Amino acid sequence: MIKALWRNIQKDILIEFRSRIIVSIVLSFSVIVTISIGFATGGIINSPLLHAAILWIIIFFSGMNTLSHVFFREIEESTALFGVIHYPAVVIYLSKLLINCCVMVVIAIMVIIIYVFVISVSVYHGIYLIAILIAGSLSLAFATTVIGAIAALAGARGGLFTILAFPVVLPLFTVAIQSTARCFEQQVFSPLSAIIFLLAFSMVLGMVSYLLFPYIWREF
Amino acid sequence: MVTVKASNLSKRYTRMLFRDMSFSVATGQSLAIAGPNGSGKSTLLKIIAGVMTPDSGNVAYWYNDKPVDTAYIRNYIGFAAPYINVYKYLTALENITFAIGTVDDDAVQLLDVLGLSPHSNTMLMFYSTGMIQRVKLALAFLKKASVLCLDEPGSNLDEQGKRVLFSLLEKVQPTTAIFIATNDAHELNFCKRSIVLD
Amino acid sequence: MIVILLNGIVMMLSLYLIYIWVPPAAILGETSRIVYLHVPLAWVSCLAFAVAGIASLSFLKKSKINYIVYARSSAHIGLFFSILTVITGSLWAKVMWGSYWNWDPRETSITLLLLLYIAYFSLQQIVSGNPKAPMLESVYLIIAFVASPFLIFVAPRLYPTLHPEPVINAQGQLMLDTEMRLVLAISLVSFTLLYYILLGLWVRIYVLKSKLHEE
Amino acid sequence: MKLYAIVTAMQFLAQTDSNYSKTLFWVSAVVWCGIVCYLVVLHRKIKQLEKRVNGKK
């Protein structure tokens with residue numbers, strides 16, 4: 001099982017780095033949006049809530065461009081059947097899920113670095129911020145992987161995926177924004193409840209998606 | 001020793017492709033599926049390979065007289081078809097490591113026989129369609145599966161390629177059950193039995 | 001037919017009760033009667049969503065086609081009722097808090113439900129030709145169905161600082177005394193029966209449509 | 001279906017003669033017209049489909 005998983009992940013990583021579609025989209029998107037916000041506000045945003053909201057909107061929308069790409073490429077080049085005749089659908093799901101998680105965490109880290117660099121924000125609780133960012137991006141990946149598959153199978157490029165994913169992701173989106181906002185304020189707080197909520201949310205959706213994925217990833 | 005038993009399969013798209021199709025193929029036997037384009041040859045082959053569910057009827061796999069759970073059928077099947085695309089951004093060897101797991105000397109030897117070894121480290125996007133077809137055949141044969149499903153295996157192959165294909169088929173015939181969906185006369189009379197879909 | 005008749009009677013009864021009989025709430029006066037319309041509407045939208053979720057789940061288990069018909073019909077009704085709920089909610093909020101929209105937890109959860117319905121129908125439009133359409137729709141509905149309770153935990157924590165606590169929280173925590181509670185119950189029953197009839201109509205439409213395509 | 005038409009008509013009558021607040025009137029108008037139109041639309045759709053199905057047989 002682990003070997004099969006590793007082979008799938010290795011294949012996807014090789015293809016992604018060779019085709020370099022994801023990397024270029026994500027990098028350009030997050031940089032452009034952050035800088036344009038920097039321009040618009042001259043780098044001075046006083047309310048921490050606004051900082052957090054902008055940060056998460058950038059992460060969310062750069063995620064929306066990439067999370068369904070992993071499946072879309074398989075459908076577009078109709079290599080999905082090739083995978084299905086060699087591996088069970090759950091192995092394919094887990095490998096895509098892990099890739100989406102890595103992609104989302106990389107996006108989150110990159111966006112926060114660019115954000116702090118471009119827009120003057122005072123981070124009081126750095127470690128908490130990183131923890132929430134990672135928990136949030138992981139839960140984004142967990143929640144939207146199957147929806148990415150649905151959007152890819154439906155054949156619609158990016159648009160449908162965002163529409164489908166947004167209402168499902170809204171709960172964790174609001175929790176993430178609120179807890180990140182507190183990181184930009186002085187008073188001490190514990191991000192534990194937010195992180196637990198985010199992880200619980202992703203565990204539940206991850207489990208349900210694990211069971212549902214084989215129903216849609218077949219008969220190509 | 002494997003037996004593939006299909007009992008009254010039927011499948012319908014816009015029209016009824018086939019109805020109450022039953023046959024049984026054991027190791028060492030071969031079955032050709034002939035018929036004009038769009039008559040459901042590929043659909044039937046996909047059903048046999050367990051990648052598609054029929055509207056009614058079922059396909060049962062018996063390995064050494066023990067029934068095989070449908071979830072594990074894929075380990076017993078080598079499948080090559082025009083609609084199964086390999087990864088263009090991977091090289092031939094990488095595709096093989098993905099599908100089969102390891103590139104052992106059988107693999108190297110087979111690639112050599114198929115004339116692919118000089119290019120085995122270049123990405124498949126630079127291959128011609130004939131070479132891609134050879135890679136697909138290599139992937140199916142390297143699985144060393146007890147059932148072999150081939151959909152128009154000879155397509156895009158030159159004379160030399162076809163000769164290699166038939167030699168490979170003869171070599172594995174005693175130990176595998178072979179299904180070939182084709183309209184090619186040569187492949188049709190290679191198989192002892194055949195079904196015609198209209 | 002009996003259900004239609006029964007619903008007709010219950011509906012008329014609830015109408016009579018709402019508009020004439022029940023005493024207006026202490027502070028709000030007449031507008032408090034809107035509760036008896038607004039809450040059942042919200043209830044039916046949630047009910048329709050739950051029924052659609054369960055229908056999709058059973059479609060996955062037994063993959064009989066009529067389950068997907070129930071899911072789609074229920075979703076249609078849910079969409080219509082959630083639109084109505086949002087409209088009545090904002091009209092009423094205009095009176096209660098002076099602005100059409102002010103992020104009250106109830107409002108956001110209903111709006112999320114509306115977003116979910118809109119997403120579901122856009123998916124349905126796009127996959128309509130695809131042979132996997134029923135499977136894709138029901139998988140999405142189940143994902144949404146599993147994700148939605150999480151919002152109920154999040155809703156009260158939504159922007160707690162901005163949310164003014166009204167004299168009477170218009171959605172549900174109204175200090176209902178017995179008569180009002182009775183009327184609300186009757187109104188809920190009549191709207192649920194209405195939902196049941198609409199479901200029958202929509203199922204009939206889908207059955208006829210599939211008959212048409214078959215020939 | 002006619003039942004609903006009567007019900008809504010009655011409801012409007014109850015409205016007009018008493019001095020209920022405007023909002024209540026608007027909200028109930030939206031709700032009841034919406035529901036009645038929805039029923040009528042669905043009903044007509046079914047009739048139309050039935051005609052086409054019988055027409056095809």
Side-chain angles (χ1 to χ4, degrees), chain A residues 1-25 66 69-96 98-99 152-153 155 210-220, chain B residues 11 13 42-43 45-55 69-91 93-103 121-126 132 135-136 138-140 142-145 147-151:
Chain A
M1 175 65 171
I2 307 299
K3 233 171 350 75
L5 208 57
W6 168 241
R7 270 183 240 137
N8 268 289
I9 293 171
Q10 201 184 1
K11 167 211 79 173
D12 274 324
I13 290 173
L14 272 175
I15 290 174
E16 283 322 325
F17 278 112
R18 292 204 181 133
S19 62
R20 269 191 299 287
I21 295 171
I22 278 197
V23 177
S24 48
I25 291 180
T66 53
H69 178 265
V70 184
F71 290 107
F72 202 82
R73 181 169 36 75
E74 297 268 1
I75 302 287
E76 217 169 10
E77 288 151 24
S78 63
T79 53
L81 187 54
F82 184 55
V84 165
I85 56 175
H86 289 292
Y87 294 100
V90 270
V91 166
I92 295 171
Y93 169 71
L94 287 175
S95 67
K96 303 282 186 195
L98 287 174
I99 286 173
L153 288 165
Y210 179 86
L211 299 171
L212 292 176
F213 188 77
Y215 283 97
I216 51 171
W217 199 258
R218 56 192 177 118
E219 298 203 7
F220 292 96
Chain B
K11 183 78 180 180
Y13 276 134
S42 303
T43 313
L45 200 62
K46 278 186 189 175
I47 291 173
I48 294 165
V51 204
M52 183 172 274
T53 47
D55 290 348
D69 187 321
T70 47
Y72 300 105
I73 286 181
R74 74 171 63 75
N75 307 333
Y76 294 84
I77 295 171
F79 196 1
Y83 39 80
I84 299 180
N85 294 357
V86 283
Y87 290 105
K88 293 205 296 298
Y89 283 100
L90 296 181
T91 67
L93 291 177
E94 280 160 356
N95 269 296
I96 290 172
T97 31
F98 165 66
I100 316 292
T102 56
V103 183
N121 271 318
T122 46
M123 282 201 270
L124 293 187
M125 61 178 17
F126 305 118
I132 294 239
V135 171
K136 288 184 185 177
L139 286 165
L142 277 176
K143 195 89 184 278
K144 299 193 182 65
V147 173
L148 202 57
C149 299
L150 302 172
D151 198 328

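Atoms considered below: every heavy atom in the structure, side chains included; atoms not considered: hydrogens, waters and symmetry mates. Being a predicted model, the structure only gives us computed values, none of them experimental. Lettering follows sequence order; numbering is per chain, from 1.
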Would you mind checking which part of A/Glu74 comes under 4.5 Å of any heavy atom in chain B, side chain (CB onward), backbone (N, CA, C, O), both or neither? side chain
What part of B/Leu139 gets closer than 4.5 Å to chain A, counting heavy atoms only: side chain, backbone, both or neither? side chain
For chain B, which residues from residues 1-9 of chain A have at least one heavy atom closer than 4.5 Å to it? A/Arg7, A/Asn8
Aromatic ring pairing A/His86/B/Phe98, orientation class (parallel under 30°, perpendicular over 60°, tilted between): perpendicular
Who pairs with A/Glu219 by side-chain hydrogen bond (donor to acceptor under 3.5 Å, both in side chains), at least two apart in sequence or on another chain? B/Thr53
Of the backbone (N, CA, C, O) and the side chain (C-beta and beyond), which part of B/Lys136 lies under 4.5 Å from a heavy atom of chain A, both, or neither? neither
Go through the steps for A/Ile85 and B/Val51 under the test side-chain contact (heavy atoms from CB on, under 4.5 Å), then give the verdict. CA-CA 7 Å; A/Ile85 56 175; B/Val51 204; 4.0 Å; yes
Within residues 78-87 of chain B, which positions have a heavy-atom distance to chain A below 4.5 Å? B/Phe79, B/Tyr83, B/Ile84, B/Asn85, B/Val86, B/Tyr87
Report the option among B/Arg74, B/Met123, B/Lys143 that has the most heavy-atom pairs separated by less than 4.5 Å from atoms of chain A. B/Arg74
Would you say the rings of A/Phe17 and B/Tyr89 are close, in the sense that their centroids are separated by under 6.0 Å? no
Residue pair B/Ala99 / A/Tyr87: nearest heavy atoms and the distance that separates them: O-OH, 4.2 Å
My understanding is that only residues two or more places apart in sequence, or in another chain, count here; which of them pass side-chain contact (heavy atoms from CB on, under 4.5 Å) with B/Asn75? B/Tyr72
Nearest-0.5 Å distance that lies between atom CE in B/Met125 and atom CZ in A/Arg18: 9.5 Å
So, taking the atom named CD in A/Glu77 and the one named NZ in B/Lys88, what distance separates them when rounded to the nearest 0.5 Å? 4.0 Å
Say you draw a straight line from CG of A/Asp12 to CG of B/Leu90; how long is it, rounded to the nearest 0.5 Å? 9.0 Å
For the side chain of B/Lys46 and the backbone of A/Phe220, is there at least one donor-acceptor N/O pair under 3.5 Å apart? yes
